[in-house]
Structure formats: structure tokens, C-alpha cells
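The figures here come from the full heavy-atom set of this structure, side chains too, leaving out hydrogens, waters and symmetry mates.
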Protein chains: 2
Amino acid sequence: MKLSTRTRYGMRAIIELAENDRKRPLQLKVIAQRQDISAKYLEQLMVVLKSAGFVRSIRGAKGGYLLAKAPNQIKLSDIFHCLEGTVSTVECIENEDYCKRAADCVARQVWTQVQEAIENVLQSITLQDVVDRAKGDKALDYQI
Amino acid sequence: MKLSTRTRYGMRAIIELAENDRKRPLQLKVIAQRQDISAKYLEQLMVVLKSAGFVRSIRGAKGGYLLAKAPNQIKLSDIFHCLEGTVSTVECIENEDYCKRAADCVARQVWTQVQEAIENVLQSITLQDVVDRAKGDKALDYQI
DNA sequence: ATAATATACTACTAATTTAGTAGGAATAAT
DNA sequence: ATTATTCCTACTAAATTAGTAGTATATTAT
């Protein structure tokens with residue numbers, strides 16, 4: 001049950017933006033370099049994040065990307081849904097017609113529980129929380 | 001974050017076995033038919049479940065498959081791990097060397113939380129629980 | 001013994017998805 | 001004008017997943 005690089009890269013990229021000053025745009029190139037991601041590939045992921053309204057872009061020289069909302073207004077679940085094409089662990093959760101057994105399928109019940117557990121975690125964390133956590137970690141480093 | 005059919009099919013198959021009388025073997029063909037799975041494909045999944053010790057088989061005429069342990073001794077997490085090749089949402093959770101940033105990567109922390117949530121759900125459910133649930137559902141049907 | 005019924009094993013193939021590349025167009029700053 | 005950047009579209013490569021095929025082996029029943 002691996003996450004796609006799509007989701008992994010996209011999440012890391014938007015965390016970079018959340019950690020970045022919201023006034024100065026951060027260039028794709030820089031994010032790609034810092035996160036060791038193919039710039040061309042990341043470009044496509046940014047399109048997705050942009051059209052979903054999480055980031056905005058400034059074109060041309062000195063352009064780049066910015067977080068479009070306050071980091072405490074963006075839940076990880078939102079980003080996750082936007083990146084990971086399929087939200088559900090199994091098709092039949094969203095689409096009951098997918099399988100005729102759906103209505104009384106115990107396996108489906110289990111996968112629903114799993115999915116809800118995932119949702120709960122991701123809904124409970126905002127980008128702000130992630131940024132705070134990162135800062136906390138760094139503060140800890142200095143104490144050593 | 002879709003589950004592989006491997007996991008979905010395998011889980012449904014072993015639930016069939018758990019629902020079945022533990023004395024009489026259930027044939028692959030029957031499971032495949034009931035669950036609408038390619039018999040030849042399921043065959044390969046049964047090998048996996050067998051070598052992991054969850055099911056045992058009886059060859060030859062009147063043969064088939066049986067649950068190898070009491071259903072209350074098999075947690076869904078065990079089956080899940082055995083079927084779903086990769087247990088972790090991201091490689092770096094198990095293998096810290098996979099990425100040099102791992103040690104202080106906040107994304108990694110998030111995925112770890114997600115993974116733990118999944119584990120918790122699956123560890124809390126045994127095959128017996130699933131069987132009981134299925135029976136409960138059927139009992140409910142009759143009342144209508 | 002032989003036929004019938006099952007699982008066991010190995011190898012191949014097809015389909016789908018995922019990841020990544022390429023190249024140029026549009027836009028903005030200097 | 002030149003440079004730096006995002007934007008857009010299409011293509012390609014790699015990997016994974018799902019499924020098929022055929023043969024070997026074991027067991028039961030007649």
C-alpha cells in the first residue's frame with residue numbers, strides 16, 4: 001500500500017512552500033533541488049496543486065510559487081485527496097454499484113474502517129502543524 | 001491509495017474460509033466462483049496465504065483449502081502484511097537509509113502516523129470478528 | 001489400475017499505472 | 001532584447017499488477 005511519488009513529492013513540495021515566507025515566491029527549481037525531485041515532473045504536480053487552489057504562481061523572472069491560503073487553513077487530507085487520484089482504498093466504498101455484493105460485504109466494511117482511520121489522521125493535521133513540528137525539531141537540534 | 005486486487009481478493013478468499021466449516025475443505029473453484037475471481041489468479045494468492053501459514057490445503061479429489069488456525073487467532077493485519085507486498089506507505093519508514101533526509105523529515109512523520117492508524121485498525125480485528133459481523137448482518141436481514 | 005478431481009509449480013503475457021522527459025509558448029523583470 | 005520563470009501538450013519508459021497457460025503431482029472413487 002505504497003503512496004505514489006505523486007503524493008509524496010507533492011506533499012513535500014507544499015510543505016516547502018508552507019515553510020517559506022509567504023511574500024516571496026519560491027521557484028520550482030529550488031523546491032525540486034531541495035527535495036531531490038525531477039523539476040519537470042514536479043511541474044506537473046504543481047499544476048494540480050494550483051488548480052485545486054492550494055498554491056498560486058507568479059510567472060516570469062523572479063516568479064515562483066506561493067501558498068494560496070494560510071497554512072492553518074489547509075488540512076493534509078485536502079492535499080492528499082487532490083494528489084492521490086483515488087481517495088478510497090477500494091472502489092466499492094464510494095461507488096456501491098461497482099460490486100453487487102457491496103451492500104453486505106464484510107470486507108468492504110473493514111476497508112471502510114481503514115479508510116476512515118486514514119482520513120482522521122490527515123484531517124487532524126494542518127500545514128501549520130507540520131511547519132511547527134519542523135521548527136520544533138530544529139530547535140531540538142540546537143539544544144544538543 | 002488503492003489496495004491491490006491481490007489484497008482485496010486474498011482477504012475475501014480467506015474470509016470465505018473463515019466462514020466455512022473447518023472440517024471440510026473448500027475448493028478454490030468454489031471460492032473463485034462465489035467471489036468472482038479468476039481461479040488461476042486466486043491460486044497464486046492461496047500459495048502466499050498457505051506459505052504464511054494462514055491456510056492449509058488438501059490435494060486431490062475432495063480436496064481444497066482450510067483455515068490453518070482458529071479464526072480468532074488470525075488478525076487482519078497479519079493477512080494484510082502477507083498479501084500487500086509493501087506494508088509501509090513510504091519506503092523510508094522501514095528503511096531510514098532510503099533517504100538522507102529521513103531523520104528530520106516531517107512528511108515522513110505524517111506518513112508514519114497514517115501507517116500506524118491503519119495498523120491499529122487491522123490489528124484490532126480478527127477473522128472471527130469478521131465472521132461474527134457477517135452473521136450479524138444476515139440475522140438482521142431475516143428480521144426485515 | 002484407471003479415471004476424475006484437486007492443488008502445486010513455473011513461466012509467460014497483457015494491461016494499466018506511474019514516473020519521467022522533451023520542447024516550445026507565454027509572461028514578467030531587468 | 002535578454003533572461004528567467006511558469007504553462008501547456010505530448011510522448012516515452014519503466015514498473016507493477018493482473019491474468020493466462022500448461023504441466024506435474026496427489027488423492028479419491030470405481
Minimum-distance pair of heavy atoms, taken over all atoms of B/Met1 and B/Val114 | CE-CG1, 4.5 Å
In whole angstroms, the gap separating C1' of C/dA19 from CD of A/Glu84 amounts to 14 Å
Atom CZ of A/Arg12 and atom P of C/dA19 are separated, to the nearest Å, by 12 Å
Take atom CG of A/Leu83 and atom C1' of C/dT18, then tell me their distance rounded to the nearest Å.
-> 14 Å
When clusters are formed by joining ILVMFWY residues with side-chain heavy atoms under 4.5 Å apart, either directly or through shared neighbours, do B/Ile125 and A/Ile93 land in the same one?
-> yes
Residues passing the salt bridge (charged side-chain N to carboxylate O under 4.0 Å, His left out) test with B/Arg34, sequence neighbours excluded, are B/Glu16
Let me have a per-nucleotide readout for nucleotides 2-10 of chain C, 5' to 3', with B, S or -, counting only protein heavy atoms under 4.0 Å.
-> ---BBBBB-
Reported NE2-to-NZ distance for the pair B/His81 and B/Lys75, which is rounded to 0.5 angstrom | 9.5 Å
Round to a whole Å and report the spacing from CG of A/Leu45 to P of D/dT6.
-> 14 Å
Using atom types as modelled, flag every donor-acceptor pair under 3.5 Å from a side chain in residues 63-72 of chain B to any protein atom, sequence neighbours excluded.
none

Got a sec? Which of residues 2-10 of chain A come in under 4.0 Å of DNA chain D, heavy atoms?
-> none
Tell me whether the OP1 or OP2 atom of D/dA18 has a side-chain N or O from B/Ser38 closer than 4.0 Å.
-> no
Quick one: side chains of residues 40-59 of chain A, donor-acceptor pairs under 3.5 Å with protein atoms, not counting sequence neighbours, listed by atom name and distance.
| unit_1 | atom_1 | unit_2 | atom_2 | d |
| --- | --- | --- | --- | --- |
| A/Tyr41 | OH | A/Thr5 | OG1 | 3.2 |
| A/Lys50 | NZ | A/Ser57 | OG | 3.0 |
| A/Ser51 | OG | A/Val47 | O | 3.1 |
| A/Ser51 | OG | A/Val48 | O | 3.2 |

Please give, in whole Å, the distance from C/dA11 P to B/Tyr41 OH?
-> 19 Å
C/dA19 P sits how many Å from B/Glu91 CD, rounded?
-> 13 Å
Run the side-chain contact (heavy atoms from CB on, under 4.5 Å) check on B/Val110 and A/Val121 step by step: do they pass?
-> CA-CA 9 Å; B/Val110 170; A/Val121 170; 5.6 Å; no
Which ring-ring contact (aromatic ring centres under 6.0 Å, His included) pairs, counting each pair once, include a residue from residues 89-126 of chain A, with sequence neighbours left out?
-> none
